[in-house]
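Chain naming here is simple, since letters A, B, ... match the order of the sequence lines and numbering starts at 1 in each.
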Amino acid sequence: MESTDKNVKIKVEKLRKCFGDLEVLKDISTEIHEGEVVVILGPSGSGKSTFLRCLNRLEDATAGEIIVDGVNITAKKVNMNKVRENIGMVFQHFNLFNNMNVLDNLMLAPLELKKAEKKEAEERAKAMLKRVDLLEKADSYPSQLSGGQKQRVAIARALCMQPDIMLFDEPTSALDPEMVGEVLAVMKQLAADGMTMIIVTHEIGFAREVADRVIFMDGGYIVEEGTPQEVILNPKEPRTISFLNKVL
Amino acid sequence: MVKIISVYGEMLLFAMGRTLLLAFLGLFFACILGMIFGLLSVVKNKACNIISNIFVFVIRGVPMIVLAFFIYFGIPYLINTIMGVGGGFTLSALQAGTVCLALNCGAYMAEIIRAGIQSVDIGQMEAGRSLGLPYWKTMRKIILPQAIRTMIPSIINQFIITVKDTSILSVIGFPELVLAAKQVQANTFKAFETWAIVGIMYLIVITILSYVAKLVERRMNRGINR
């Protein structure tokens with residue numbers, strides 16, 4: 001199914017996801033455009049992370065379709081590894097490879113997947129480290145970094161594959177408050193550079209400032225979506241209003 | 001004591017060599033079996049998991065001495081009955097002993113390897129996969145290097161157990177240390193000295209093995225910070 005709109009990066013059609021008897025995603029349909037920054041808000045258990053993980057098929061959809069760059073990734077026979085090369089993901093708990101130093105963390109996938117020669121991979125890795133302001137940590141091991149530094153390395157690692165979509169799964173939730181800012185700053189820069197980003201977060205202020213569109217999820221449904229102005233400042237749905245009242 | 005050593009020392013040392021040969025062969029194949037069944041138990045495939053579970057369940061549930069008799073006597077008997085050649089097929093004690101040790105130790109190794117792999121945070125696999133790395137590449141480059149470090153102490157322990165378990169294979173007539181010692185005892189009637197000497201010989205070998213293992217462990221952990 002080829003999308004007619006060339007700007008549509010991701011198209012989600014009637015997505016459902018069950019874990020056993022538990023139906024986490026009930027009926028999700030949306031489109032994400034090139035260069036768009038989408039922030040997903042919602043209480044825990046609302047299915048935001050599961051939704052995000054379906055987009056690069058870390059979770060298999062139970063029903064429905066997800067089309068990324070014209071490729072139906074919910075189809076049985078799809079080269080998911082190839083698709084994932086184009087979708088970077090940043091995790092709540094960083095998930096840096098503990099058995100290698102920062103530079104090797106960044107170079108592993110580009111080298112293994114023959115995306116670059118060694119010299120080129122190293123140059124790009126260093127450029128990315130510079131971008132997140134951590135060039136001096138190239139030889140450090142993950143255990144020697146602070147949480148904020150780890151997350152910035154994780155972002156740099158994803159960028160080394162030169163993806164055109166980036167998924168962020170609560171990237172600041174496991175950080176000390178004073179480290180949240182440095183990670184959000186990197187993400188803001190990324191958004192300004194035109195990256196297509198889908199971000200699950202609890203940082204309402206960040207959503208207001210950076211998001212092109214905010215999606216509020218609850219109970220496995222998209223309850224409300226629109227600009228930050230609409231969803232955060234003038235929510236219409238009672239569920240959105242009560243959530244925002246609690247977190248703001 | 002001195003007399004036993006001077007007369008039978010060479011024979012006991014030779015038997016010790018046979019013990020080590022058997023242990024080495026058994027451990028070698030046990031590592032291969034353990035790796036195969038350990039990986040079969042962690043992959044996302046029900047059939048593979050079940051095969052691995054059955055292997056571990058059966059081997060762990062049968063005493064090694066029974067396994068030894070089964071392989072040494074039972075299997076050739078079965079083959080000869082089916083083929084109808086009447087006693088044509090036999091296994092040497094070394095062959096049967098190696099298979100027996102490999103199966104027995106392999107089952108425990110499979111469990112150690114399974115536990116080691118599962119001890120690595122699932123996020124490591126997800127991070128690898130999210131970058132587009134295939135499952136086995138992620139396993140080899142990211143998961144196993146981390147898992148092996150946590151497995152090493154248990155693997156060393158299992159190696160030591162297996163070296164000592166070679167003594168069980170004296171029951172199928174493999175001329176290892178315990179069988180040799182029985183002969184010495186029969187010839188000299190000096191039970192205390194004979195078994196004390198044999199005990200000390202095992203102790204020395206295990207001590208050396210433990211020391212080497214410690215060096216390996218330290219080497220593996222060098223430069224790695226968790």
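Using a 4.5 Å heavy-atom cutoff, the side chains of A:L113 and B:P134 are in contact. Contact of the B:P145 side chain with the A:F97 side chain is not registered, since no non-hydrogen atoms from C-beta on lie closer than 4.5 Å. The closest side-chain heavy-atom distance from A:R157 to B:L131 is below 4.5 Å.
Only the backbone of A:L96 has a heavy atom closer than 4.5 Å to any heavy atom of chain B. Within the 4.5 angstrom heavy-atom criterion, only side-chain atoms of B:K137, from C-beta onward, approach chain A. Heavy-atom distances place the side chain of A:L58, and not its backbone, under 4.5 Å from chain B.
By the 6.0 Å contact criterion, CG on B:L215 is enclosed, its count of non-hydrogen atoms from other residues, nucleotides or ligands being greater than 12. Within a 6.0 Å radius of CD in A:E136, more than 12 heavy atoms belonging to other residues, nucleotides or ligands are found. Counting heavy-atom neighbours within 6.0 Å of B:Y135 OH, excluding the residue itself, gives a total above 12. Counted within 6.0 Å of CD on A:E117, heavy atoms from surrounding residues, nucleotides or ligands total 12 or fewer; the atom is thus considered open. More than 12 heavy atoms of other residues, nucleotides or ligands lie within 6.0 Å of CZ in A:F19, so this atom counts as buried by the packing criterion. The number of heavy-atom neighbours closer than 6.0 Å to CZ of B:F73, taken from other residues, nucleotides and ligands shown, is above 12. The number of heavy-atom neighbours closer than 6.0 Å to OH of B:Y202, taken from other residues, nucleotides and ligands shown, is above 12.
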Check against side-chain contact (heavy atoms from CB on, under 4.5 Å), B:I142 and A:L108: CA-CA 10 Å; B:I142 299 161; A:L108 178 72; 3.6 Å; yes
Stepwise side-chain contact (heavy atoms from CB on, under 4.5 Å) check, A:M89 with B:E126: CA-CA 9 Å; A:M89 186 163 197; B:E126 290 181 348; over 6 Å; no
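To the nearest 0.5 Å, the span separating CE on A:M100 from CD on B:Q146 amounts to 8.0 Å.
Using non-hydrogen atoms only and a strict 4.5 Å limit, no part of residues 29-37 of chain B faces chain A.
Between the side chains of A:N81 and B:R129, at least one donor N or O sits under 3.5 Å from an acceptor N or O.
Of the listed residues A:R57, A:R84, A:E85, the one with more heavy-atom pairs under 4.5 angstrom with chain B than any other is A:R84.
Here the side chain of A:N95 pairs no donor or acceptor atom with the backbone of B:Q124 at under 3.5 angstrom.
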